[in-house]
Amino acid sequence: MSSTTTLQKEGNPAGNPGNGQPSDGLKAGLKNRHLSMIAIGGVIGAGLFVGSGGGIAKAGPAILISYALVGAMVVFVMRMLGEMAAASPNSGSFSAYADRALGRWAGFSIGWLYWFFWVVVLAVEATAGAAILENWIPAVPQWAWALIVMAVLTATNLGSVASYGEFEFWFAGIKVVAIGAFVVIGMLAVFGVLPGSDNPGAGFAHLTDTGGFFPNGYGAVLTGVLMVVFSFMGSEIVTLAAGESENPRKAVTQATNSVIWRIGVFYLGSIFVVLTLLPWNDKSITEKGSYVAALDSIGIANAGTIMEVIVLTAVLSCLNSGLYTASRMAFSLGERGDAPKSFAKVNAKGVPVAAILGSTVFGFVAVYFNYAFKDTVFNFLLNSSGAIALFVWLVICFTQLKMRGILVREAPEKLTVKMWLFPWLTWATAALILFVIGYMFVDDANREVVTLSTVVAGLVVAVGVVLDFRRKRTAVQG
């Protein structure tokens with residue numbers, strides 16, 4: 001058996017043949033333009049539009065350092081993931097790679113935790129979108145809007161992977177255009193060349209004229225890190241979607257190489273504009289939201305309504321991708337025998353119907369909990385999934401450390417994308433993630449989230465270890 005064949009059969013537990021084609025049964029229905037926009041849109045979540053004001057209020061202009069630190073962490077994690085995904089495109093992505101590199105228990109654990117994270121996100125985003133829609137059309141109650149939104153996007157995902165890609169192409173496109181326009185218009189106002197702008201105080205002086213660049217102390221940078229880290233979750237979606245594209249290796253390589261400028265423009269660029277248009281402690285930033293406040297400051301009419309449309313688009317995009325991501329992870333787990341076998345079955349269009357419906361059902365249940373038991377059951381779901389993004393990134397680090405050796409031994413020609421300064425930068429990234437997790441334990445606002453998330457993760461890992469032990473014992477006895 002050749003080394004390449006070994007990698008394909010043993011190192012690809014989700015059934016991907018390793019030759020650039022999708023896993024068994026899935027269709028290569030995503031075009032390059034779909035993958036490009038999924039990659040770009042994956043780093044622009046609703047959290048950027050909605051949550052950035054809170055981070056600015058806590059850290060002041062130093063929030064830029066918080067975004068830069070988390071952005072660098074995501075760039076490095078994506079580079080590691082890109083290395084593995086370009087060598088072996090797989091619908092299970094990091095879960096399948098962890099399965100191969102660290103053991104079946106690892107692939108099982110991180111796969112189910114990631115699925116859990118996204119089905120809870122479905123409920124959060126459906127509720128957020130419903131609140132906006134109810135504000136526009138109050139005759140329809142919020143819970144009904146949540147069900148309608150979930151039902152429509154479930155139907156989209158059940159249609160074909162191409163329909164998911166097309167919806168996401170336009171959803172992400174609106175976000176990209178909106179952020180791009182915001183940065184351009186904002187910078188024109190900062191330099192005083194925007195026609196009709198009525199914000200004469202705009203300028204770079206706002207970065208230091210209200211208490212300095214660190215108005216709340218250096219420690220506020222860490223607080224800012226905790227507030228912004230979760231808005232970056234979703235950048236890894238492109239590596240799952242690449243498994244259903246016409247040229248997965250090319251798509252993964254392009255997404256990995258472009259992640260630096262995407263984070264630089266969309267996160268650092270847009271927050272920089274907000275901070276130069278308004279003093280960081282302007283009350284409108286937290287009352288209206290950072291982007292609405294910035295647009296209002298330069299006289300953009302109907303800024304609130306414009307931003308509501310953009311936020312709704314971001315919410316629908318997150319819902320669309322969340323359902324897709326959860327279903328593909330369930331599909332991969334089913335193929336590896338870590339989930340019901342029905343999850344690994346596809347229809348004539350290559351759509352894993354059972355995996356989609358299974359994820360949707362849990363999403364509907366979570367939506368119900370959000371309305372019926374918001375302060376108890378749903379609060380537990382939300383907190384217990386809150387730190388999973390960090391756990392996923394940490395597992396990617398340890399997986400890549402092991403997978404590099406496997407790839408070098410078995411298929412070095414597939415290492416077309418390589419992690420920089422290996423292994424030192426991988427270890428440094430893992431250390432930074434561990435530091436952030438540790439800091440959450442001593443931060444009053446995040447202690448419950450990281451504690452519950454750790455407990456849930458520990459339980460899932462325990463189940464994974466027990467199942468792995470039973471499989472090995474059965475194999476020995478057989």
Asks: Among all residues two or more places apart in sequence or in another chain, which pass the ring pair (Phe, Tyr, Trp, His ring centres under 6.0 Å) test with F213?
Replies: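 Result, ring pair (Phe, Tyr, Trp, His ring centres under 6.0 Å) vs F213: none returned.
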Asks: Run the ring pair (Phe, Tyr, Trp, His ring centres under 6.0 Å) test against F391 and tell me which residues pass, sequence neighbours left out.
Replies: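 None.
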Asks: Evaluate the ring planes of F169 and H34, with Trp represented by its six-membered ring, and classify them as parallel (under 30°), tilted (30 to 60°) or perpendicular (over 60°).
Replies: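 F169 vs H34 ring planes: perpendicular.
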Asks: Suppose we screen for side chain to side chain donor-acceptor pair (under 3.5 Å). Which residues come up paired with W170, at least two apart in sequence or across chains?
Replies: E166
Asks: Ignoring hydrogens, what is the shortest heavy-atom contact between S359 and V119? Give both atom names and the distance.
Replies: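 The pair with the smallest heavy-atom distance is O-CG1, 3.7 Å.
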Asks: Roughly how far, to the nearest 0.5 Å, is CE of M84 from CD1 of I406?
Replies: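 Going from the CD1 atom of I406 to the CE atom of M84 covers 10.5 Å.
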Asks: With sequence neighbours excluded, tell me which residues meet side chain to side chain donor-acceptor pair (under 3.5 Å) with N216.
Replies: none
Asks: Got a second to check how far L122's CG is from M150's CE, nearest 0.5 Å?
Replies: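 Here the rounded value is 5.0 Å.
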Asks: Under the side chain to side chain contact (heavy atoms under 4.5 Å, CB included) rule, collect the residues that match up with V184, sequence neighbours excluded.
Replies: L188
Asks: Take K175 and S317 through the side-chain hydrogen bond (donor to acceptor under 3.5 Å, both in side chains) test and state the conclusion after the steps.
Replies: CA-CA 9 Å; K175 291 189 293 183; S317 171; 3.1 Å; yes
Asks: For residues 449-459, dump all side-chain donor-acceptor pairs below 3.5 Å to protein atoms at least two apart in sequence or in another chain.
Replies:
from, atom 1, to, atom 2, distance (Å)
T451, OG1, R447, O, 2.7
S453, OG, N383, O, 2.9
S453, OG, S384, O, 3.2
S453, OG, G386, N, 3.3
S453, OG, A387, N, 3.1
S453, OG, V449, O, 2.8
T454, OG1, V450, O, 2.6

Asks: Start with the C-alpha distance between E410 and R100, add both sets of side-chain angles, then the distance that settles salt bridge (charged side-chain N to carboxylate O under 4.0 Å, His left out), and finish with yes or no.
Replies: CA-CA 13 Å; E410 299 183 352; R100 162 65 165 159; 2.9 Å; yes
Asks: Can you tell me how far apart CE (M78) and OG1 (T239) are? Round to the nearest 0.5 Å.
Replies: 6.0 Å
Asks: For V161 and V351, run side-chain contact (heavy atoms from CB on, under 4.5 Å): C-alpha distance rounded to whole Å, both residues' side-chain angles, the deciding distance at 0.1 Å, then the answer.
Replies: CA-CA 7 Å; V161 69; V351 175; 5.8 Å; no
Asks: Looking only at heavy atoms, which two atoms of M440 and L226 are closest? And how far apart?
Replies: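 Minimum heavy-atom separation between M440 and L226: CG-CD2, 3.4 Å.
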Asks: Would you find a donor on one side and an acceptor on the other, under 3.5 Å apart, between the side chain of Y439 and the backbone of L434?
Replies: no
Asks: Which residue pairs satisfy the side chain to side chain donor-acceptor pair (under 3.5 Å) criterion with at least one member in residues 59-85, sequence neighbours excluded?
Replies: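 For residues 59-85, and leaving out neighbouring residues, the side chain to side chain donor-acceptor pair (under 3.5 Å) pairs sorted by first residue read R79-N257, E83-Q400, E83-R404.
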Asks: State, with a plain yes or no, whether a side-chain heavy atom of L407 is found less than 4.5 Å away from one of P412.
Replies: no
Asks: Does one side chain, of E236 or S93, offer a donor that lies under 3.5 Å from an acceptor on the other?
Replies: no
Asks: Strictly distance-based, threshold 3.5 Å: is any side-chain N or O of S163 a donor or acceptor partner for the main-chain N or O of S160?
Replies: yes
Asks: Would you tell me whether S270 and Y291 have side-chain atoms, one donor and one acceptor, within less than 3.5 Å of each other?
Replies: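 Yes, a side-chain donor-acceptor pair sits under 3.5 Å.
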Asks: Within the distance-only criterion (no hydrogens, no angle test), does the side chain of S109 pair as donor or acceptor with the backbone N or O of A106 below 3.5 angstrom?
Replies: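 No: the side chain of S109 does not pair with the backbone of A106.
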Asks: Are F191 and M187 side-chain neighbours, meaning at least one heavy-atom pair lies under 4.5 Å?
Replies: yes
Asks: Taking the ring of W427 and the ring of W424, is the distance between their centroids below 6.0 Å?
Replies: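 No, too far apart.
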Asks: Answer yes if the ring centres of F272 and F204 are under 6.0 angstrom apart, and no otherwise.
Replies: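 Yes; F204 has its ring centre under 6.0 Å from that of F272.
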Asks: Which heavy atom of P352 sits nearest to which heavy atom of L26, and what is that distance?
Replies: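 Smallest heavy-atom distance, with atoms named: CD-CD2, 4.0 Å.
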Asks: Would you say that V436 contacts L390 through its side chain, given a criterion of any heavy-atom pair below 4.5 Å between the two side chains?
Replies: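 They are in contact (side-chain heavy atoms under 4.5 Å apart), so the answer is yes.
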Asks: For I310, give me all partners under side chain to side chain contact (heavy atoms under 4.5 Å, CB included), at least two apart in sequence or on another chain.
Replies: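 Partners of I310 under the side chain to side chain contact (heavy atoms under 4.5 Å, CB included) test: F49, A178, I306, M307.
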Asks: Is the backbone N or O of V309 less than 3.5 Å from a side-chain atom of T313, with the two atoms forming a donor-acceptor pair by type?
Replies: yes
Asks: Any chance you could lay out the side-chain contact (heavy atoms from CB on, under 4.5 Å) test for L153 and T156, step after step, and finish with the verdict?
Replies: CA-CA 5 Å; L153 292 180; T156 298; 4.3 Å; yes
Asks: Hey, are the side chains of F232 and W393 touching, using non-hydrogen atoms and a 4.5 Å cut-off?
Replies: yes
Asks: For M419 and M80, work out which heavy atoms get closest and say how close.
Replies: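 For M419 and M80, the tightest heavy-atom pair comes out as SD-CG, 3.7 Å.
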Asks: Once side chain to side chain donor-acceptor pair (under 3.5 Å) is applied, do any residues pair with K31, and if so which ones, sequence neighbours excluded?
Replies: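 In terms of side chain to side chain donor-acceptor pair (under 3.5 Å), with neighbours along the sequence ignored, K31 is linked to no residue.
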Asks: With sequence neighbours left out, what residues match F380 under ring pair (Phe, Tyr, Trp, His ring centres under 6.0 Å)?
Replies: none
Asks: What's the separation between atom CZ in F117 and atom CD1 in I388, rounded to the nearest 0.5 Å?
Replies: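 CD1 of I388 is found 7.5 Å from CZ of F117.
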Asks: Quick one, V392 and L113 - any side-chain contact, counting heavy atoms below 4.5 Å?
Replies: no
Asks: Between A430 and L394, what is the shortest heavy-atom contact and its length?
Replies: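 Heavy-atom minimum between the residues: O-CD1, 3.7 Å.
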Asks: If I take atom OG1 from residue T360 and atom CD1 from residue I356, how far apart are they, to the nearest 0.5 angstrom?
Replies: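 Atom-to-atom, T360:OG1 and I356:CD1 are 7.0 Å apart.
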Asks: Without swapping roles, check the side chain of T325 against the backbone of G322 for a donor-acceptor pair under 3.5 Å.
Replies: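 Side chain of T325 to backbone of G322, a donor-acceptor pair under 3.5 Å: no, none is there.
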Asks: Is a side-chain N or O of T210 found less than 3.5 angstrom from the main chain of P279, in a donor-acceptor match?
Replies: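 No, the answer is negative, given that no donor and acceptor are paired below the 3.5 Å cut-off.
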Asks: For the backbone of R336 and the side chain of R104, can you confirm whether one donor and one acceptor N or O come within less than 3.5 Å of each other?
Replies: yes
Asks: Can you confirm whether the side chains of D282 and S284 place a donor and an acceptor under 3.5 Å from each other?
Replies: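 Note: D282 and S284 side chains meet the donor-acceptor criterion.
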Asks: Determine whether the aromatic ring centres of residues Y164 and Y324 are separated by less than 6.0 angstrom.
Replies: yes
Asks: Please tell me if the side chains of F171 and C318 come closer than 4.5 Å, counting only heavy atoms from C-beta onward.
Replies: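 No. Closest side-chain heavy atoms not under 4.5 Å.
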Asks: Looking only at atom types and distance, does a side-chain atom of W115 sit under 3.5 Å from a main-chain N or O of S327, one as donor and one as acceptor?
Replies: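 Side chain of W115 to backbone of S327: no pair is present.
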Asks: For F76, which residues count as a ring pair (Phe, Tyr, Trp, His ring centres under 6.0 Å) partner, sequence neighbours excluded?
Replies: none
Asks: Run I285 and K288 through side-chain contact (heavy atoms from CB on, under 4.5 Å) and show every step you take.
Replies: CA-CA 6 Å; I285 291 178; K288 298 179 181 179; over 6 Å; no
Asks: Please enumerate all residues that pass side chain to side chain donor-acceptor pair (under 3.5 Å) together with N157, with sequence neighbours excluded.
Replies: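 Partners of N157 under the side chain to side chain donor-acceptor pair (under 3.5 Å) test: N320.
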Asks: So W280 and I63, side-chain contact (heavy atoms from CB on, under 4.5 Å) or not? Walk me through it.
Replies: CA-CA 10 Å; W280 69 270; I63 194 69; over 6 Å; no
Asks: Return the minimal non-hydrogen interatomic distance between S95 and M329, and the atom names on each side.
Replies: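 Taking every non-hydrogen atom into account, CB-SD, 3.5 Å.
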Asks: Quick one: does any side-chain atom of K402 pair with a main-chain N or O of A101 as donor and acceptor, under 3.5 Å?
Replies: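 Here the side-chain-to-backbone pair exists.
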